[in-house]
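In what follows, a structure is listed as structure tokens, so that the remarks can point back to it.
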Amino acid sequence: MIGATGELGRQVAGSLIGRDGVTVRAFVRRPPPDGEGSFPDVLVGDLRDRASLERACSGVTSMFLVSSPTRDQVELETNAIEAAERAAVERIVKVSNIPVAGLESGLHGNHRAIERRLDESECATTVLQPSFFASVVDKQREQVARGRLVLPTGPGKIAWIDPFDIAAVAAAALVRSDVNGPLHLTGPEALDGDEVAARLGVRRVDPPLDRWREAVVAAGLDPWLADSTVHLYEAVARGALAGTTDTVERVLGRSPRRVFVG
Ligand SMILES: NC(=O)c1ccc[n+]([C@@H]2O[C@H](COP(=O)([O-])OP(=O)(O)OC[C@H]3O[C@@H](n4cnc5c(N)ncnc54)[C@H](OP(=O)(O)O)[C@@H]3O)[C@@H](O)[C@H]2O)c1
């Protein structure tokens, strides 16, 4: 599992560890502190270090592939795909995002380039294309505690998804051969920023995108990611992520979780 320490990776591992016939190998940059993480098999490496990826792929049947949204994501994930191919890994399950017309560069361009690379691969692949994670709101925990939520997405609705459901679909794809992609994953309903804020019982703030970009870059966000996010938020405002799908239900046999409730 690449990205085993991340939000999705931890949940995918949690749902697979202990299943009959499944051994989870976690590929991590830093070994977990004693007593934490409890991965049965840990390999310390880096997506930049091809030799560590080769060691990680030895004897592996399925690879879970998620990494951070960075400028060099294509290069890093291609290293993992090449290592999987050399080790004859049977299936790669990659976390991507929902294609949006007009977003061909930046973060979206990177995911599309990795998907094209996977299309050429001899490994079977399952590409997961999730909508916005409902957990992105947790990153504003302090603001929410002060009664406000910043969502510069205008009137656009988003079919927010609980990361638990993405992880459950990923786990299914890793152990089943009938979960093929691309899988457009959403939650059960689309909510705009006002509706999310109302469910959380806070006031929604919808600043102009140029002011939002200035603030997040000043707070340390990579300008490249800030620009990608601005373009995405513009598309969201036009309704690009408002559609829901029944994919989670088709794969898991249950409805996706409702978000921002209880
Ligand atoms: N958030 C959303 O709403 C959303 C929606 C759709 C798609 N996505 C996609 O979901 C993916 C995950 O995003 P996230 O920010 O939520 O990720 P995350 O939870 O921070 O997980 C990223 C994982 O990748 C690992 N990683 C990063 N660089 C690595 C490297 N060089 N070598 C080895 N491991 C490395 C991290 O390890 P460390 O613990 O060592 O850092 C971490 O385990 C992104 O590709 C994003 O585009 C997100």
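- For D206, the salt bridge (charged side-chain N to carboxylate O under 4.0 Å, His left out) partners are R204, not counting sequence neighbours.
- In this structure, the side chain of E195 engages the main chain of D192 through a donor-acceptor pair within 3.5 Å.
- Judged as a ring-ring contact (aromatic ring centres under 6.0 Å, His included), and not counting sequence neighbours, F164 has no contacts.
- N97 pairs by the side chain to side chain contact (heavy atoms under 4.5 Å, CB included) definition with L107, H108, H111, R112, not counting sequence neighbours.
- Under the rule for a side chain to side chain contact (heavy atoms under 4.5 Å, CB included), R30 has no partner lying at least two apart in sequence or in another chain.
- Side chain of S228 to main chain of W224: a donor-acceptor pair is present (N/O by atom type, distance under 3.5 Å, no hydrogens or angles).
- Residues in residues 59-68 take part in no salt bridge (Lys or Arg N to Asp or Glu O under 4.0 Å) pair, two or more places apart or across chains.
- A search for ring-ring contact (aromatic ring centres under 6.0 Å, His included) contacts involving Y233 returns W212, not counting sequence neighbours.
- The side chain to side chain donor-acceptor pair (under 3.5 Å) pairs that include a residue from residues 239-250 are T245-T247, D246-R250, where partners are two or more places apart or lie in different chains.
- The structure places CD of E234 at 5.5 Å from CG of L209, a figure rounded to the nearest 0.5 Å.
- By the salt bridge (charged side-chain N to carboxylate O under 4.0 Å, His left out) test, R116 is found to be paired with no residue, residues two or more places apart in sequence or in another chain being considered.
- Residues R91 and T126 have side chains that bring a donor and an acceptor to within less than 3.5 angstrom of each other.
- Applying the side chain to side chain donor-acceptor pair (under 3.5 Å) test to pairs two or more places apart or on separate chains, those with a residue in residues 127-141 are E7-S135, E115-Q129.
- The closest donor-acceptor contact from the side chain of S52 to the backbone of D46 lies under 3.5 Å.
- Distance alone, capped at 3.5 Å, is enough to place a donor-acceptor pair between the D165 side chain and the R257 backbone.
- Between the OG atom of S177 and the CD atom of E90 there is a distance of 9.5 Å, given to the nearest 0.5 Å.
- The closest donor-acceptor contact from the side chain of R10 to the backbone of A4 lies at 3.5 Å or more, if one exists at all.
- Between A242 and A159, the shortest heavy-atom contact is O-CB, 4.2 Å.
- Between the side chain of W160 and the backbone N or O of L191 there is at least one donor-acceptor pair closer than 3.5 Å.
- V251 pairs in a side-chain contact (heavy atoms from CB on, under 4.5 Å) with only one of the listed residues (V179, L128, L185), which is V179.
- Hydrophobic clustering keeps V24 apart from V60 (ILVMFWY residues linked when any side-chain heavy atoms are closer than 4.5 Å, directly or through intermediates).
- A salt bridge (Lys or Arg N to Asp or Glu O under 4.0 Å) check over residues 176-188, counting only residues at least two apart or in different chains, returns the pairs R176-D178.
- Between E189 and R199 a salt bridge is recorded (basic side-chain N to carboxylate O distance below 4.0 Å).
- Partners of R50 under the side chain to side chain contact (heavy atoms under 4.5 Å, CB included) rule, at least two apart in sequence or in another chain, are N79, E82, R86.
- Nearest approach of G45 to F27, heavy atoms of both residues: C-CZ, 3.6 Å.
- In terms of modelled atom types and a separation under 3.5 Å, the side chain of S68 and the main chain of T70 share no donor-acceptor contact.
- For the atom pair L47 CG and Q73 CD, the distance stands at 9.5 Å (nearest 0.5 Å).
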Next on the checklist: Under the criterion side-chain contact (heavy atoms from CB on, under 4.5 Å), I'd like the reasoning laid out for R25 against M1: C-alpha separation, chi angles, the key distance, then a yes or no.
Outcome noted: CA-CA 6 Å; R25 175 177 298 159; M1 290 200 34; over 6 Å; no
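- For V217, the side chain to side chain contact (heavy atoms under 4.5 Å, CB included) partners at least two apart in sequence or on another chain are R213, P223, A226.
- Shortest non-hydrogen contact noted between V259 and A134 is CG1-CB, 3.7 Å.
- By the 4.0 Å N-to-carboxylate-O rule, R117 lies close enough to E85 to be salt-bridged with it.
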